[in-house]
Each structure stands twice: as structure tokens, then as C-alpha cells.
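Structure first, then comments.
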Amino acid sequence: MGAPVKPVITLADLDKLDIRCGTITAVADVPRSDKVVQLSVDFGDFSRTIVCGIKQERDDLQALIGLQALFVVNLAPKKICSVLSEGMMFDIGYADGLLPAALAQPEFAVPNGVRAG
């Protein structure tokens, strides 16, 4: 893909991210948006609404229900198309133009809420 490596960070910088595995329990359309959908994600002890721009990437968004993926859960909440997003889903390849981007997923099923790192 040829993208340059980003600047070096410290382990302390990386430790600021709270990356957890969660199961997508619902996918909802976001009205008046041709890019984003609203995911409901189960993290075991809590659940979150995550808005992500995958609407045009997949033919069957409902097929995401039941899949586990990695999410940042301590990102500052932000309103996206009038929906409060409480985190960010990791995908693989989108920044390099790969469509659809692959979900960053565990090798095998793990408990919801388990931390990456």
C-alpha cells in the first residue's frame, strides 16, 4: 500500500487508548446520511452506540450482527449526523482505499469487554 509510517509514539501514549472487543448486537440506519450507520455494541459490563461510515461498503449490513470486533471505548463522545457516537470501530484497509474495509476481529471468540494490548 505504501503509506508512510506515522511518527513514533511512546508506550504511555498507546496506554491511553482503551481498546476492547465487543459484539455488534444491532445495526440501524442513520436518516439523511448516505455514509454512516449506528451500531449497538455489547462490551459485557456496558454497551455503547458507535457511529461508523460503512453504509456504502457492504451489501448486507445486518450480516455484521453477532460479529466481534475491536473498538476504542474511551474516545470523547461526538455527535455524528445527530447521533451521539461513544467510540470508534477499528477497521483494516479503509485508510488505504480497501473497500470494503475488513473488521479488526479476534482470532477466536473472546468475552465481550476484553481489552486489547
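Numbering of residues begins at 1 and proceeds along the displayed sequence.
- Considering only residues two or more places apart in sequence or on other chains, K79 meets the salt bridge (charged side-chain N to carboxylate O under 4.0 Å, His left out) condition with none of them.
- Atom CD1 in I65 sits 8.5 Å away from atom CG in D60 (nearest 0.5 Å).
- No donor-acceptor pair closer than 3.5 Å links the side chain of S47 to the backbone N or O of D42.
- Side-chain N or O atoms of N74 include one that pairs as donor or acceptor with a backbone N or O of K16 at under 3.5 Å.
- We find the SG-CG distance between C52 and L103 to be 8.5 Å, quoted to the nearest 0.5 Å.
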Task: Audit row: L11, L14, side-chain contact (heavy atoms from CB on, under 4.5 Å) steps and yes/no - done: CA-CA 5 Å; L11 188 55; L14 185 61; 4.3 Å; yes

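- When hydrophobic clusters are built by joining Ile, Leu, Val, Met, Phe, Trp and Tyr residues whose side-chain heavy atoms come closer than 4.5 Å, directly or via intermediates, I54 is not grouped with V51.
- Remark: R20 engages D18 in a salt bridge, criterion side-chain N to carboxylate O under 4.0 Å.
- From M89, atom CE reaches atom CG of L64 across 7.0 Å, with rounding to the nearest 0.5 Å.
- Hydrophobic cluster of L99: the remaining members, joined at side-chain heavy-atom separations below 4.5 Å, are Y94, listed by chain and number.
- Within 6.0 Å of CG on D15 lie more than 12 heavy atoms contributed by other residues, nucleotides or ligands.
- Between the side chain of R58 and the main chain of A101, a donor-acceptor pair closer than 3.5 Å is present.
- Using modelled atom types, one finds a donor on one side chain and an acceptor on the other under 3.5 Å when comparing T23 with N112.
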Cut-off 3.5 Å, no hydrogens considered: what does the side-chain donor-acceptor table look like for residues 26-41, sequence neighbours left out?
| unit_1 | atom_1 | unit_2 | atom_2 | d |
| --- | --- | --- | --- | --- |
| D29 | OD1 | K55 | NZ | 2.5 |
| S33 | OG | K35 | N | 3.2 |
| S33 | OG | V36 | N | 3.0 |

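- Between the CG atom in L70 and the CD1 atom in I92 there is a gap of 8.0 Å [rounded to 0.5 Å].
- Contact record, Q68 with P106: OE1-CG, 3.7 Å, taken as the closest heavy-atom pair.
- Residues T49 and L84 have side chains not in contact (no heavy-atom distance under 4.5 Å, counting atoms from C-beta outward).
- The distance from the CZ atom of R115 to the SG atom of C21 is 13.5 Å, given to the nearest 0.5 Å.
- Applying ring pair (Phe, Tyr, Trp, His ring centres under 6.0 Å) to F71 and the options F90, F43, F46 leaves one that passes, F43.
- Using modelled atom types, one side-chain atom of D13 and one backbone atom of T10 make a donor-acceptor pair closer than 3.5 Å.
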Open item on the list: Could you go through I50 and M88, starting from their C-alpha distance and side-chain angles, then the distance that decides it, and tell me whether this counts as side-chain contact (heavy atoms from CB on, under 4.5 Å)?
Closed with: CA-CA 6 Å; I50 310 284; M88 182 185 85; 5.6 Å; no

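- Both L17 and L75 are assigned to one and the same hydrophobic cluster, defined by single-linkage of ILVMFWY side chains at heavy-atom distances under 4.5 Å.
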